[in-house]
Every structure is written in C-alpha cells, then in structure tokens.
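A quick write-up on the structure given underneath.
Since the model is a prediction, treat every value here as computed from it, not as a measurement. Lettering follows sequence order; numbering is per chain, from 1.
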Amino acid sequence: MLRVYNTLSKTKEPFETVRPGKVGMYLCGPTVYKPSHIGHMVGPVIFDAVKRYLVYSGYDVTWVVNVTDVDDKLINESGARGVPMKQLAEEMTADYMSNIRALGVDVIDHFPRCTATMPEIIEFTRDLIAKGFAYEAKGDVYFDVSKAPDYGKLSHRRAEAMLGDGGGMVDRKRNSADFALWKAAKSGEPSWDSPWGKGRPGWHIECSAMSCKLLGETFDIHGGGLDLVFPHHENEIAQSECRHGRPMAKYWMHNGLMQASDEVGKVGGRATRAAEGDLASQEAGKISKSKGSEPFREMLKKFPGETIRFFLLSTHYRRPIDFSAGRIREVETGMETFYRFFKRYERVAGESFYDIDAPKTRNNGDFTPGKDPLLKSVAEWRNRYLEAMDDDFNTGGGIAVLYDLVRALNKFVDDEKLEEPGRRDAAKLKSLRHGAAVLKELAGTLGLFREPVAEKTAADDGLTPRLMDLLIALRAEARKKKDFATADRIRNGLSEIGVVLEDRPGGTEWSVKS
RNA sequence: GGCGCCGUAGCCAAGUGGCUAAGGCAGCGGAUUGCAAAUCCGCCAUUCGUGGGUUCGACUCCCACCGGCGCCUCCA
C-alpha cells in the first residue's frame, strides 16, 4: 500500500486517486529568465521517479510541468540584456529542457506556457471577480484573501495574522495579504488585452489556470519545492478552491532544497565540520562559490547526468541536500559497482543488461521463487525495495536495496564460478537472468540504468584494439612462462598511461581508466 | 518576532516505541589471484545533539536547552 506525505495534513496518507486508476500530477516548473542551476533539477528528478513508480504500480499518470515565460524577473533580464522577452524565454526554456533530458527526465506529458494560456487565465480571473473573491483596482486585479474560508491551511498559518493594511500598495490592495491576479502593464512592458486593460498575469494564477485546464478542477498530486508552500501554493489553493468550490489537489508534495550557502561554516549544516576545517567542509566551500550561479549545463560537463540523478535520489526527497563535487565523486565510485556488474553479466550471460526485457509493472514482476536460493533472496530484496518505495517514495532506502541485490547476484556468479565458461549451465544462467531482470525492473522505477553509459574509450582508429590484443597476447605468453617481470611491466606500463588490465578466467580484459 | 524543519559511525545517509540501528564512501582483516584489479566474506555506532519527563521499555512520544537550516520578501 503506497503512502504519501501530504503537506496539508503533515502526515503520510494512504494513496487513493481521485479517479480510479488515473493520476494527475502537477509540478511547478521554472521561470525561464536565466540558465537553470542544480537547484532547479531537484524537483524534476524526484517527480520523474514518482511518476515512474506510479506507472509501475499500475496507474495511468498525466504529468504537467508549467513554464513561466512572463514575469518581473523575465522583464528585467530581458531589459538588461537587450533581448526581447520572448526570445530570452525561448532560449532559457531550451536550456531547461536539455538539462532535464540529460538527467533522464523524459516522462513529462505537458509543458504549458503561461503566454499560451492567456484566455484561460483571464477567464479564471473574471470568474473570481464575478464570484466576489477578487476585485479590480486601477487596472490591477487582486484576490481578496479575507474571502477565502480556510486561507493558510497548507502553510499552517493563520490568515488573520496576515491581514492588515495594504502595506506599500495601500492605495490598491484592501489587505496586505491580498495578491495580484492581474497586473496593469507599465509602459514598454509586454502586455495582453483584458477586461481590465492591458496587463499580464500575477505569479500564482497561471498554475491554477493550467492545472485546471489540463488536469481538471481536482487532481491528485501537486508538487514543488518547499519554498513554494507559502505564498505560491497557498495562493493557488485559494484561487482554485474559491472558484471551483472543491479541493484543488489531494496530495501536496514538497521537496527539500539544495543548500545554497556561500559560507564554509554554513554548508552542510554541521557546525563541527566547519570548525574542524576538514576536507569535506573545504570541498563544500569551494564548490559553493560557484554553485549558486553555475549553469547546470556547465556541471554536466564535469559529471554524467545519471550520476547526478543517482545522487539526487540517494537521499529522501523531503530532506535538504548538500551539494559538493566530493559527494558526487563518492556516488560515482559507488555506481561503479553496478556498471561493473552489468559488464560481468554480459560476459557471463552473453546478453547486454540493457537489453533485458524486464517487467514494466509491479504485477508482471511478481513471482514465486520456489526452491531456488538465489531467486529466494532476490524476491526478498524485491519486497524490501517495494516496501521502501511504498513508504512515501523512499528512494534512498530503495537504492540501498539495489546494492544488496547486486551483491547477491555477484555472490551467485562467484559461488557458481560462472566466470569460467565451462561452468555455465542453462539452469544457473536462467536464475542469473531472472535476478538481473529484477534489478533492471526495480532500477527502472527510479529511471536508472536505462541505457549504457558513455564509456571513456581510446580513440578508435581501429588500431588501438589490435595493439591491445597484441600486448595482451604477449603478456599471456610471458605469464605462461612464469616471466612475471615482463607480465607486470606490461600491466604497470599500461596502468601509467591510463589503461587497466583485469585477468579473468575467460581471458584478460582492458579498459580505459575513468 | 511568527511559523516550521533538521541533528544517526571519520564522511554521506535510511529507519524504528521492544526483533542484529539499512546502504554508500573511506579504513582494516580474510578468501580468491603468480602478484594485482574486480568480486565475495568479516570488522568498523552497547549507540542515535544535550538534559529531563512519559512508559514495563525510547534513538523513536513530550518538554527544555544547544547547534544547523528554511519560510514569513513573486526563489525549484
């Protein structure tokens, strides 16, 4: 039974969909005014895994991520750069798209743009005025927070505390907590015609309009960063629920934020670490200097997308994440365990791990292990994995199980000596294949290990492999004659130029050091 | 000031009112290997920020304190 933490109730609730078998999911996407950075990638990766797991669990999922392509920041940036807002938005949208794609995020169904949703936004606003929840003031339209019955229910704040005079906008707003649905255009700003004159939407209204348009008045999951709980999501709820008279979303899921400190002492949130001045804090400090502003596409040049994805999923989504190059390298080292197993699998089973036709749904993956000891332990790990994921998408716990699973498979290959060609019988290989298929099945719900990673290879002019074959043959002859001095000289010499030799029962393999 | 989150080994990080407190990185033994690499086995928190309280029993619930962090200001 899947359980999901709901910010509304501050508890984990059993997951029950609004409509049987269907899930509507909305994630607040980027404002496309600057290249995206690592922090923008947290939500997409996490909710990508959420969608995959829901699909795996048998739901028909529609996932919407909006693109905010008109707002103050965009207008300012476009002015500063002397680039039309539309063009800026298009460039930055392309940047965002290529970044999430590099992280394997490719199951988003709709990317609605604010500028392409104007009729719905205007209609939404007009309806709110008609129903008495909003008012016009000098070409602006504001939502009247005092009319929203349970304003504050998501962020758990009391509305009364937020009401008061209009603050700096006292001439237009009735209450300081009131927020803009529509903003009158200042001269030179991009604008759209509306019943209130030329203007553009306020920040929150687009999400209400788009989610309603694509997912309906009530849908299942609304997600976003923890920083959006207030005021953004609170205001979305107010708008949508006042207009429709029914809940906007059943489950509100919020992911933790990437730590964004520039001070060594603050990174990681551990006073002791900074005080000691140890390696980790120094590393974090160095990285954080560029972290806040470094475009994600630059980071992608340093680390593979799949590694960053693995890193983001290795901790629970509601926790804050500390980023450092050292952490990424640790994760990279850990992932080698999987990549090496995949190669081993190919050697032993004669087929690529990536070509395994693994079950796509939980029901199809269910199996009874019988007496086979390997499959018994595989089935056990599979259950452990599913338990973890059923518990509010505990991807960190799930990844731990993946390590247990790959260890069980390696042990089986060791115990049965399957690296030796003569020891491979059909029954053993069948068990191994089944175990590997389960690994692929489970990793697939996290969107991991879907495609072979780009391996570092020697320039392939056709000559290198033949030269390597020759060297390996020479070394084999030396070893046969117990001339280990020569054998080691070849291996050590190659190691110095970045080529690793590994001796196995089936022969010697070479690879380029990563 | 208001609202809220977090503090688990050298580092990262799951988890739980009583079952051996996952997993990863680093480290140390051993098996394997001509030696390696890889893999496997074992070790690595009598203890879960500190001090109280509730309970037959708490790391897990409550309170206080210390430390870190977020939001309250159109940041994912």
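- The OH-P distance, from A:Tyr403 to B:rC12, rounds to 17 Å in whole Å.
- Along RNA chain B, the nucleotide nearest to A:Arg200 and the one nearest to A:Tyr317 differ in position, and the one closer to the 5' end is contacted by A:Tyr317.
- Helical stems in RNA chain B, defined as runs of 3 or more consecutive Watson-Crick or G-U wobble pairs with both donor-acceptor distances under 3.5 Å, are listed by first residue as B:1-7 with B:66-72, B:10-12 with B:23-25, B:27-31 with B:39-43, B:49-53 with B:61-65.
- For A:Ile321 and B:rC69, the CD1 to P distance is 17 Å, given to the nearest whole Å.
- Taking the six-membered ring wherever Trp is involved, the centroid distance between the rings of A:His37 and A:Phe296 does not fall below 6.0 Å.
- For A:Lys343, the salt bridge (Lys or Arg N to Asp or Glu O under 4.0 Å) criterion is met by A:Glu455, not counting sequence neighbours.
- Comparing the C1' positions of B:rU73 and B:rG2 gives an interatomic distance of 15 Å, to the nearest angstrom.
- Summarising the geometry, the separation between CZ on A:Arg327 and C1' on B:rC11 is reported as 9 Å, rounded to the nearest angstrom.
- Checked for salt-bridge contact, A:Glu13 and A:Arg3 miss the test: no charged N lies under 4.0 Å from a carboxylate O.
- Atom name C1', nucleotides B:rA36 and B:rA76: the rounded distance is 47 Å, in whole Å.
- Looking at heavy-atom distances under 4.0 Å, A:Gly29 makes contact with sugar-phosphate atoms alone, never a base.
- Counting any heavy atom pair closer than 4.0 Å across all strands shown, A:His232 reaches no nucleic acid atom.
- Listed by chain and residue number, A:Trp196 satisfy the ring pair (Phe, Tyr, Trp, His ring centres under 6.0 Å) test with A:Trp182 (two or more places apart in sequence, or in another chain).
- Taking the C1' atoms as reference points, B:rA22 lies 13 Å from B:rA45, given to the whole Å.
- If you find the closest nucleotide of RNA chain B to A:Pro30 and to A:Lys10, the one lying nearer the 5' end belongs to A:Lys10.
- One atom, CD1 of A:Ile108, and another, P of B:rA76, lie 15 Å apart when rounded to the nearest Å.
- Here, B:rC69 and B:rA13 have their P atoms 15 Å apart, quoted to the whole Å.
- As rounded to whole Å, 11 Å separates atom P of B:rU16 from atom CD of A:Glu387.
- When the P atom of B:rG23 is taken as reference, atom CD of A:Glu380 falls 14 Å away, rounded to whole Å.
- Looking at heavy-atom distances under 4.0 Å, A:Leu257 makes contact with a base.
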Q | Per-nucleotide protein contact string for nucleotides 29-40 of chain B, where B marks a base within reach and S marks sugar-phosphate only (heavy atoms under 4.0 Å, - for neither) | A | -----BBBBSBS
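- If you check every strand for non-hydrogen atoms under 4.0 Å, A:Gly39 touches a base.
- Nucleotides B:rU55 and B:rG15 are separated by 29 Å at their P atoms, to the nearest Å.
- Atom CG of A:Asp392 and atom P of B:rA14 are 12 Å apart (whole Å).
- Spacing of P atoms, B:rU8 relative to B:rG49, comes out at 6 Å, to the nearest Å.
- Under the 3.5 Å distance criterion, with hydrogens and angles disregarded, a donor-acceptor pair is assigned to the side chains of A:Asp140 and A:Tyr142.
- Within the structure, every pair that satisfies the side chain to side chain donor-acceptor pair (under 3.5 Å) test and touches residues 399-411 of chain A, not counting sequence neighbours, is listed here: A:Arg344-A:Asn410, A:Asp404-A:Arg407, A:Lys411-A:Asp415.
- When the salt bridge (Lys or Arg N to Asp or Glu O under 4.0 Å) test is applied to A:Arg491, the partners found at least two apart in sequence or on another chain are A:Asp488, A:Asp503.
- For the pair A:Asp72 and A:Arg200, the salt-bridge criterion is met [side-chain N within less than 4.0 Å of a carboxylate O].
- Proximity of A:Arg319 to the phosphate of B:rA14: a side-chain N or O atom is located under 4.0 Å from OP1 or OP2.
- With C1' as the reference atom, B:rU60 and B:rU16 are 6 Å apart, rounded to whole Å.
- Summarising the geometry, the separation between CG on A:Asp227 and C1' on B:rG4 is reported as 14 Å, rounded to the nearest angstrom.
- For B:rG42 and B:rC5, the P atoms lie 39 Å apart once the distance is rounded to whole Å.
- Proximity of a side-chain donor or acceptor of A:Asn6 to a complementary backbone N or O of A:Trp252 within less than 3.5 Å is detected.
- A:Ser36 and A:Asp95 share a donor-acceptor pair across their side chains, judged by distance under 3.5 Å alone.
- In the set B:rC6, B:rC75, B:rG23, the nucleotide with an atom closest to the side chain of A:Trp203 is B:rC75.
- Here B:rA14 is the nucleotide among B:rC71, B:rA14, B:rA76 with the atom lying nearest to any side-chain atom of A:Thr315.
- At a threshold of 4.0 angstrom between heavy atoms, the contacts of A:Leu226 with the nucleic acid are absent.
- Of the possible donor and acceptor atoms, none in the side chain of A:Thr307 sits under 3.5 Å from a partner among the backbone N and O of A:Phe303.
- Residue contacts for A:Thr31: at a heavy-atom cut-off of 4.0 Å it reaches the sugar-phosphate backbone alone, with no base atom in range.
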